[in-house]
Amino acid sequence: MSRVMIAVIDMQQGFVNEYTEGIDRKILDFLESIKGADACIVGTRYVNNEHTACYVFEGWKDCMEGTADARVLDTLRPSLQRVFDKDKYSCWNEEMKRFVQEQGIQKVYFLGVNTGCCVLHSAFDCYNDLVDCSVITDLCGSTSGPAEHEAALVILRSCITKERVISAKQATKEIRGRTVRQTNEV
């Protein structure tokens with residue numbers, strides 16, 4: 001089975017600002033465009049605590065467990081089959097690796113925020129474990145603004161290959177193509 005996983009990274013209250021507002025609606029449009037495809041849609045949630053690098057080194061105290069900042073956006077929550085909590089930039093931990101293996105996932109698509117932190121680290125770790133992955137550029141954003149988002153995309157294109165840093169339109173075509181090929185093979 002050729003399944004894909006859409007990993008919606010950290011689309012939560014604490015990461016919505018003037019630069020990331022509206023990404024959730026774009027994600028919902030994208031999910032609608034791949035409806036019917038063999039895709040598993042999951043989310044991640046950054047849960048800060050006194051032992052995270054962000055707290056220890058930056059004194060950042062947002063997105064703590066139980067706060068509104070840590071909640072996944074209400075607009076997206078119903079679309080997510082599962083939410084993985086994490087306290088590091090990368091979501092690519094043992095729990096997610098097990099999930100990917102158990103679900104027979106062949107490719108992972110990353111989108112969400114922040115492009116230069118959690119999206120980048122998750123894609124790097126997935127890629128380093130030899131799991132096919134892509135980052136969907138127009139479904140990502142940075143709370144620090146467009147320059148930070150674009151800088152992260154330059155790094156991603158250089159490190160995981162430019163062919164894996166794609167638009168939502170390209171991702172839709174690719175995902176729907178996998179479904180058509182799979183159906184024709186049966």
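Given the structure is predicted, the values throughout are model-derived calculations rather than measurements. Side chains included, hydrogens not; waters and symmetry mates left out as well; all remaining heavy atoms used.
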Examine distances only and state if a side-chain atom of T115 and a backbone atom of G141 form a donor-acceptor pair shorter than 3.5 Å.
yes
Would you call K169 and D138 a salt bridge, taking side-chain N to carboxylate O under 4.0 Å as the test?
no
Hey, mind stepping through V72 and L80 against side chain to side chain contact (heavy atoms under 4.5 Å, CB included) and telling me if it holds?
CA-CA 10 Å; V72 170; L80 306 176; 3.9 Å; yes
Any chance CD of E21 has more than 12 other-residue heavy atoms, nucleotides or ligands included, within less than 6.0 Å?
no
Is it true that a side-chain atom of Q13 and a backbone atom of A68 form a donor plus acceptor pair closer than 3.5 Å?
no
Before giving the answer on side chain to side chain contact (heavy atoms under 4.5 Å, CB included), spell out for M5 and M96 the whole-Å C-alpha distance, their side-chain angles and the decisive distance to 0.1 Å.
CA-CA 11 Å; M5 182 172 85; M96 182 162 290; 3.8 Å; yes
So, D87 versus T52: side-chain donor-acceptor pair below 3.5 Å or not?
no
For the atom pair SG (C126) and CD1 (I160), what is the distance rounded to the nearest 0.5 Å?
8.5 Å
V165, W92: one ILVMFWY side-chain cluster at the under-4.5 Å cut-off?
yes
Do V119 and V100 sit in the same hydrophobic cluster, where Ile, Leu, Val, Met, Phe, Trp and Tyr count as joined when their side-chain heavy atoms come under 4.5 Å apart?
yes
Taking all heavy atoms of V108 and all of F110, pick out the closest pair and write down the distance.
CG1-CZ, 3.6 Å
Taking atom types as modelled, is there a side-chain donor on Y109 or E174 under 3.5 Å from an acceptor on the other?
yes
Check for me, please, whether V113 and W60 land in the same ILVMFWY cluster - side-chain distances under 4.5 Å, paths through other members count.
yes
Just wondering, do L111 and V135 contact through their side chains at under 4.5 Å, heavy atoms?
no
Any side-chain heavy atom of E50 within less than 4.5 Å of one from M64?
yes
Measuring from Y46:OH to D62:CG, what's the distance to the nearest 0.5 Å?
10.5 Å
Quick one: NE2 on H149 to OG1 on T20, what's the gap to the nearest 0.5 Å?
11.5 Å
Between N17 and T143 (side chain of the first, backbone of the second, donor and acceptor by atom type, cut-off under 3.5 Å), is there such a pair?
yes
Flag side-chain contact, heavy atom, 4.5 Å: L73 against V16:
yes
Residue pair S142 / E148: nearest heavy atoms and the distance that separates them:
OG-CB, 3.5 Å
Do the non-hydrogen side-chain atoms of I9 and S122 ever get within less than 4.5 Å of each other?
yes
So with a 6.0 Å cut-off around CD of Q101, is the heavy-atom count from everything else above 12?
no
Distance-only, no hydrogens or angles: does the N114 side chain make a donor-acceptor pair with backbone N or O of S144 under 3.5 Å?
no
Under 3.5 Å, is there a donor-acceptor pair linking the side chains of D24 and T75?
yes
Hydrophobic clusters here meaning ILVMFWY residues chained together by side-chain heavy-atom distances under 4.5 Å, can you tell me if L28 and V4 are in one?
yes
To the nearest 0.5 Å, what is the distance between SG (C118) and CG (D10)?
4.5 Å
Between E95 and K86, is the closest basic N to carboxylate O distance under 4.0 Å?
no
Taking the six-membered ring for Trp, is the centroid-to-centroid distance between F84 and F99 below 6.0 Å?
yes
Would you say the side chain of C40 lies within less than 4.5 Å of the side chain of I105, judging by non-hydrogen atoms?
yes
Give the minimum heavy-atom separation between V8 and M11, together with the two atoms involved.
CG1-CG, 3.5 Å
Counting only heavy atoms not in K97 (residues, nucleotides, ligands), do more than 12 fall under 6.0 Å from its NZ?
yes
Nearest 0.5 Å please: distance from the OH atom of Y127 over to the SG atom of C159.
8.5 Å
Just so I know, are the side chains of L156 and L120 near enough to count as touching, which here means a heavy-atom distance under 4.5 Å?
yes
Which pair of heavy atoms, one from F30 and one from A168, lies closest together, and at what distance?
CE1-O, 3.8 Å
Quick check: do Y55 and N49 have side-chain heavy atoms less than 4.5 Å from each other?
no
Give me the atom names and distance for the closest heavy-atom approach of Q12 to T44.
OE1-O, 4.1 Å
What pair of heavy atoms forms the shortest contact from R45 to V83, and how long is it?
CB-CG1, 3.9 Å
Drop me the distance from D74's CG to R71's CZ, to the nearest 0.5 angstrom.
5.0 Å
Any link between F15 and Y89 through a network of hydrophobic side chains (Ile, Leu, Val, Met, Phe, Trp, Tyr) touching at under 4.5 Å?
no
S167 backbone acceptor or donor facing Q170 side chain under 3.5 Å:
yes
pair R3-Q106: side-chain heavy atoms closer than 4.5 Å:
no
Report the C-alpha distance between N48 and E65 in whole Å, list the side-chain angles of each, state the deciding distance to 0.1 Å, and finish with yes or no for side chain to side chain contact (heavy atoms under 4.5 Å, CB included).
CA-CA 7 Å; N48 199 12; E65 180 66 52; over 6 Å; no
